[in-house]
Number of protein chains: 2
Amino acid sequence: MEKDTKNIILAAAKEVFTKKGFAGARMQEIADQAGINKGLLHYYFKSKNALFNAVFFEIFDAVSPELNDILSAKDTDVLTKIGQFVDRYMEVLLKNPFFISHVVCELNRDPNRLISSMLKGGKIPNPVPFLVQLQQEAQEGKIKETDPFQLMISIVSLCAFPFVGRPVMELILDMETQDFLELMERRKDWIKQFVQDGLRP
Amino acid sequence: MEKDTKNIILAAAKEVFTKKGFAGARMQEIADQAGINKGLLHYYFKSKNALFNAVFFEIFDAVSPELNDILSAKDTDVLTKIGQFVDRYMEVLLKNPFFISHVVCELNRDPNRLISSMLKGGKIPNPVPFLVQLQQEAQEGKIKETDPFQLMISIVSLCAFPFVGRPVMELILDMETQDFLELMERRKDWIKQFVQDGLRP
DNA sequence: GTCTATATCGGGATAGAC
DNA sequence: GTCTATCCCGATATAGAC
């Protein structure tokens, strides 16, 4: 069962890396979680680093091109694109609610490890077409004039930050993780409405 | 020079923890950064854990009550409060641009360590007065009706996320850290304007 | 208070039996 | 392919001289 074991390992690694971060994760714990032993981990992945990269790119490769396509589409106005982007991005975040904080964490710790791999894969999102379109539609008076960089950053922030700040939120707002996920489910529509309101001319 | 050495250590620790995270940080590197040796670290702080907590609370204790006061003030309307909050919060973030990602990272890794200490200090921010006020002013028609939770989360997200997502942003938008900080400086006013626009009735 | 030297241990990685 | 046993480095923490 080579393929199964490998996938079991990947799933276990995803969970442990997510909870503990790269440096905090233990190969032993990943092995336990997968129901195997450390030796076998190194049989499938030659190092902790290789295992981490495998986990990361499994998600990244699936999501990045799709989001890129949404923002680069022709013949779709920006408000529609923003709606599609928020829907899809939040969907991914909800499906992997603990992973993004891990990625953020690793990027801050050792930006080169992930970033050089991302560059190698050549699948870096390209926001330029979307930024240009924002300016165009603003000049046409379809939306309020605003700094496109700041807006792009804000859309991602509104979606992603709650997931990285989840432990604090759960503390301050006194809620369980289940409540948090429901709040995020409702948040999709809230963000779309809020951005749309903010862009009214 | 006991006091000086202690502060030098705290500053060095802040920098190294910030760059590497708790698990990734090395006591040796902190000692090097401070221009002393490992033994002396343990003279002032009995463990790595104690050192980390000291660094965290130096910042947290200074900022948390102040932000709390802004949001709880009487006789100030919500839009003004939001402006003050954004200004002050962004100021702190700009002053410690690498620290929040570290805190987020640690909270996700081991929520209990920091959270139990925060509870012990008794200085947890209390958003309830602000949330109530949001609903009141919405009913009075001063601002658009909206989910107060979602709005509160969004204000914090708009300020904080760029700092945790900085490495990715610098990659995608192809900028240096200096450019990033200037972008954040301008962002203060942008956020205030955007939230205000989004809350127009 | 500050240093050097060292005890101790945890964890990534490897060797080799089955 | 999967397991056990072990190597060995690196990092926290301590002991003790100055």
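Here is the naming used below: chain letters follow the sequence lines, and residue numbers restart at 1 for every chain.
- Scored by the salt bridge (Lys or Arg N to Asp or Glu O under 4.0 Å) test, A:D189 finds A:K192 as partners (sequence neighbours excluded).
- A cation-pi arrangement is present between A:K6 and A:F45, with the terminal nitrogen or guanidinium carbon under 6.0 Å from the aromatic centre and inside a 45° cone about the axis.
- Phosphate contact (OP1/OP2 of C:dT2, side-chain N/O of B:N37, threshold under 4.0 Å): absent.
- A residue-by-residue look at A:G39 and B:L40 shows that B:L40 has its nearest nucleotide of DNA chain C further toward the 5' end.
- When the shell of 6.0 Å around CD of B:E140 is examined, it contains more than 12 heavy atoms from other residues, nucleotides or ligands.
- Put simply, the side chain of B:K142 never gets that close to the backbone of B:D77: no donor and acceptor are under 3.5 Å apart.
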Polar atom pairs between nucleotides 16-18 of chain C and protein, under 3.5 Å, N or O only, would you list them?
none

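- B:I30 has its CD1 atom 12 Å from the C1' atom of D:dT12, to the nearest Å.
- We find that CD1 of A:I9 is positioned 13 Å from C1' of D:dC3, with the value rounded to whole Å.
- Taking atom OH of B:Y44 as the reference point, atom P of D:dA13 lies 18 Å away to the nearest angstrom.
- Going from atom CZ of B:F17 over to atom P of D:dT12 covers 9 Å, rounded to whole Å.
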Close N/O contacts between protein and nucleotides 6-13 of chain C (under 3.5 Å):
{"residue": "C:dG11", "atom": "OP1", "partner": "A:R26", "partner atom": "NE", "Å": "3.0"}
{"residue": "C:dG12", "atom": "OP1", "partner": "A:A25", "partner atom": "O", "Å": "3.3"}
{"residue": "C:dG12", "atom": "OP1", "partner": "A:R26", "partner atom": "NH1", "Å": "3.4"}
{"residue": "C:dG12", "atom": "OP1", "partner": "A:K48", "partner atom": "NZ", "Å": "3.3"}
{"residue": "C:dG12", "atom": "OP2", "partner": "A:M27", "partner atom": "N", "Å": "2.9"}
{"residue": "C:dG12", "atom": "N7", "partner": "A:K38", "partner atom": "NZ", "Å": "3.2"}
{"residue": "C:dA13", "atom": "OP2", "partner": "A:H42", "partner atom": "NE2", "Å": "3.3"}
{"residue": "C:dA13", "atom": "OP2", "partner": "A:K48", "partner atom": "N", "Å": "2.9"}
{"residue": "C:dA13", "atom": "N6", "partner": "A:K38", "partner atom": "NZ", "Å": "3.3"}

Could you go through the ring-ring contact (aromatic ring centres under 6.0 Å, His included) check for B:F163 and B:F180 one step at a time? CA-CA 9 Å; B:F163 289 87; B:F180 169 80; 5.5 Å; yes
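- Under the 3.5 Å distance criterion, the side-chain polar atoms of A:Q133 are matched with a main-chain donor or acceptor of A:T76.
- A distance-only check finds no donor-acceptor pair linking the side chain of A:S64 to the backbone of A:F60 [under 3.5 Å].
- Using the six-membered ring where Trp is involved, A:F194 and B:F194 have ring planes that are perpendicular, over 60° apart on the 30 and 60° scheme.
- In terms of phosphate contacts, B:T5 brings a side-chain nitrogen or oxygen within less than 4.0 Å of OP1 or OP2 of C:dT2.
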